[in-house]
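Input: a single structure, listed below in structure tokens.
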Amino acid sequence: MTSLAQSARTLEKARRLLCSLEDFIRDSLIGARERGVRDFARIAAVTAADTIYRIDRISEAAIMEWFGRRWPVAWPVELVMEGVGEEAPVTFPRGVSVDRTVWKCILDPIDGTRNLMYDKRAAWILAGLAPQRGARNRLGDIVVAAMTELPTSKQWRSDQISAIRGCGPPGIVAEAVDCRPCPPALRTARRGTRQSLVLRPSKAKDCRHGFASLVRFFPDGMALTAEIEESLWRALYGQPGTGSPVVFDDQYISTGGQVYELLSGHDRMVADIRPLVFGRLGLKSVLVCHPYDICTALILDEIGGVIESPWGGPLRAPLDTTSPVAWVGYANPALARAIRPAFRRALERHLGGRGDHLS
């Protein structure tokens with residue numbers, strides 16, 4: 001498997017497959033919306049990883065169809081995804097044993113479900129592919145990653161970004177895809193058109209007059225997270241309330257969306273410390289980042305950004321749907337060097353122990 005993972009031709013084929021998969025999921029969801037399918041927000045199931053809505057079931061059916069028809073038979077793969085494989089592993093070709101698979105594909109079909117089902121903000125399809133190592137697989141094993149935007153009904157464009165480990169910025173493939181509804185006679189001429197997309201992460205050396213956020217989507221833990229954030233900005237940029245705001249906040253309820261904001265130059269830093277905060281408060285919650293949410297961290301790494309544990313160091317979480325993951329992303333290494341020491345001190349002051357197992 002080592003030679004397989006290191007083959008440039010193999011990895012490029014794998015990248016194209018992930019992009020094709022995500023195109024199919026996106027088009028299936030847009031098609032359902034165009035056909036007038038309603039009630040996307042109806043709860044279909046509750047799992048150990050998350051709440052599953054009707055919109056999730058539509059994407060799940062698309063995924064099973066695509067893998068069944070298009071995944072290469074010569075590349076047996078295990079699929080890791082919320083809502084499937086809880087009773088028995090899901091593999092393709094169907095029925096092949098996990099110990100005979102050569103790949104493990106971790107997938108989040110809709111990251112930011114609530115954004116999309118209320119037509120509020122774009123969600124994202126996220127996928128990472130790693131050589132199969134069974135229970136030993138970690139986020140760092142992912143060698144190919146892809147992310148595709150699931151647009152709201154008023155958007156005409158869906159951005160798609162993919163990368164292969166070790167190729168650096170030249171290996172990033174970023175495209176804008178025309179996905180607007182249009183009459184059948186015009187569909188082939190317009191819909192599906194792709195054009196190159198240039199991504200430029202911020203080169204700023206600090207967060208002054210830019211966007212930087214600590215995730216606090218829910219009431220649980222919000223006060224403590226805000227205390228940590230205020231302590232961080234005070235240590236870096238002085239007392240608040242002495243002039244115009246210098247750091248702006250944006251709560252994008254999608255880990256993939258947050259990574260995209262760093263890739264595109266919109267945000268300079270995003271940190272998700274929910275597992276640390278909930279642990280400090282003694283709260284048991286599944287409403288945290290999981291490995292499938294952050295499986296496209298590779299793309300930020302390859303473009304020259306930094307994504308790591310809040311304490312520093314690589315993310316070590318297993319490739320599953322339930323492990324909590326705390327992480328921080330910086331648009332560039334200079335920002336990481338400038339912020340990291342103060343961020344660690346703020347965490348130590350408010351949380352105590354390091355909690356490295358949550359990354």
Side-chain angles (χ1 to χ4, degrees), residues 111-112 121-122 124 126 128 139-140 142 145-149 159-176 196-216 225 228-229 232-233 235-237 245-274 289 293-315 325-347 359:
D111 183 40
R121 193 170 184 176
W124 290 84
L126 311 174
L139 284 167
I142 291 173
M147 56 191 295
T148 299
E149 191 172 16
D159 290 355
Q160 183 178 82
I161 309 103
S162 56
I164 297 170
R165 185 174 297 283
C167 292
I172 301 286
V173 179
E175 296 180 315
S196 295
L197 177 68
V198 178
L199 297 175
R200 294 190 180 92
S202 174
K203 296 181 179 179
K205 302 299 190 294
D206 60 45
C207 293
R208 290 184 178 91
H209 306 289
F211 282 91
S213 310
L214 268 66
V215 169
R216 51 182 190 281
T225 305
I228 295 168
E229 185 168 13
L232 172 63
W233 302 139
L236 289 171
Y237 308 128
V246 295
V247 181
F248 298 91
D249 179 76
D250 177 29
Q251 295 293 314
Y252 195 160
I253 309 178
S254 164
T255 303
Q258 294 157 7
V259 170
Y260 176 81
E261 297 296 84
L262 291 166
L263 291 168
S264 61
H266 298 162
D267 287 8
R268 300 179 190 179
M269 170 193 170
V270 179
D272 188 344
I273 58 171
R274 284 177 290 170
C289 178
D293 295 306
I294 196 65
C295 67
T296 58
L298 162 65
I299 300 175
L300 185 59
D301 281 335
E302 291 299 313
I303 208 170
V306 176
I307 193 158
E308 62 186 23
S309 160
W311 305 104
L315 303 179
V325 182
W327 64 275
V328 56
Y330 304 97
N332 62 64
L335 278 168
R337 289 192 297 270
I339 297 172
R340 188 185 290 125
F343 190 34
R344 288 177 181 171
R345 288 193 296 270
L347 293 176
S359 60

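Heavy atoms only: backbone and side chains are in, while hydrogens, waters and symmetry mates are out.
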Inset, instruction - Would you please classify the geometry between the His266 ring and the Tyr260 ring as parallel, tilted or perpendicular, with 30° and 60° separating the classes? - result: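 The rings of Tyr260 and His266 stand perpendicular, inter-plane angle above 60°.
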Please check if the side chain of [X] supplies one atom and the backbone of [Y] the other of a donor-acceptor pair under 3.5 Å.
| X | Y | answer |
| --- | --- | --- |
| Gln251 | Arg216 | yes |
| Ser254 | Asp111 | yes |
| Asn332 | Ser202 | yes |

Legend entry - Ile339 vs Val328, side chain to side chain contact (heavy atoms under 4.5 Å, CB included): CA-CA, chis, key distance, verdict: CA-CA 11 Å; Ile339 297 172; Val328 56; over 6 Å; no
Enter the distance from [X]:[atom1] to [Y]:[atom2] here, rounded to the nearest 0.5 Å.
| X | Y | atom1 | atom2 | answer |
| --- | --- | --- | --- | --- |
| Asp293 | Trp124 | CG | CH2 | 14.5 Å |
| Gln258 | Leu300 | CD | CG | 12.0 Å |
| Thr225 | Leu214 | OG1 | CG | 7.0 Å |
| Cys207 | Leu232 | SG | CG | 8.0 Å |
| Tyr252 | Ser213 | OH | OG | 13.0 Å |
| Asp250 | Asp267 | CG | CG | 6.0 Å |

Inset, instruction - Can you see which heavy atom on Ala334 is nearest to which on Lys205, and at what distance? - result: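 Heavy atoms of Ala334 and Lys205 come nearest at CB-CD, 3.4 Å.
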Inset, instruction - Verify side chain to side chain contact (heavy atoms under 4.5 Å, CB included) between Asp206 and Leu236, making sure each step is shown before the conclusion. - result: CA-CA 9 Å; Asp206 60 45; Leu236 289 171; over 6 Å; no
Inset, instruction - List in chain and number order the residues that pass salt bridge (charged side-chain N to carboxylate O under 4.0 Å, His left out) with Arg165, two or more places apart in sequence or in another chain; answer none if no residue qualifies. - result: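 Testing Arg165 for salt bridge (charged side-chain N to carboxylate O under 4.0 Å, His left out), a comparison that skips the adjacent residues, returns none.
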Legend entry - side chain to side chain donor-acceptor pair (under 3.5 Å) pairs, two or more places apart, involving residues 294-304: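 Listed once each, the pairs would be none.
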Legend entry - Test applied, side-chain contact (heavy atoms from CB on, under 4.5 Å); reference residue, Ile294; option that passes from Asp272, Leu126, Ile307: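 Exactly one option meets the side-chain contact (heavy atoms from CB on, under 4.5 Å) with Ile294, and it is Ile307.
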Inset, instruction - Kindly determine whether Ile273 and Leu347 satisfy side chain to side chain contact (heavy atoms under 4.5 Å, CB included), including the steps that lead there. - result: CA-CA 9 Å; Ile273 58 171; Leu347 293 176; 3.9 Å; yes
Inset, instruction - Please examine the side chains of Val259 and Ile299, heavy atoms only from C-beta on, and report whether any two atoms are closer than 4.5 Å. - result: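 No - every pair of side-chain heavy atoms lies 4.5 Å or more apart.
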Inset, instruction - Check step by step if side chain to side chain contact (heavy atoms under 4.5 Å, CB included) holds for Glu261 and Val270. - result: CA-CA 9 Å; Glu261 297 296 84; Val270 179; 5.7 Å; no
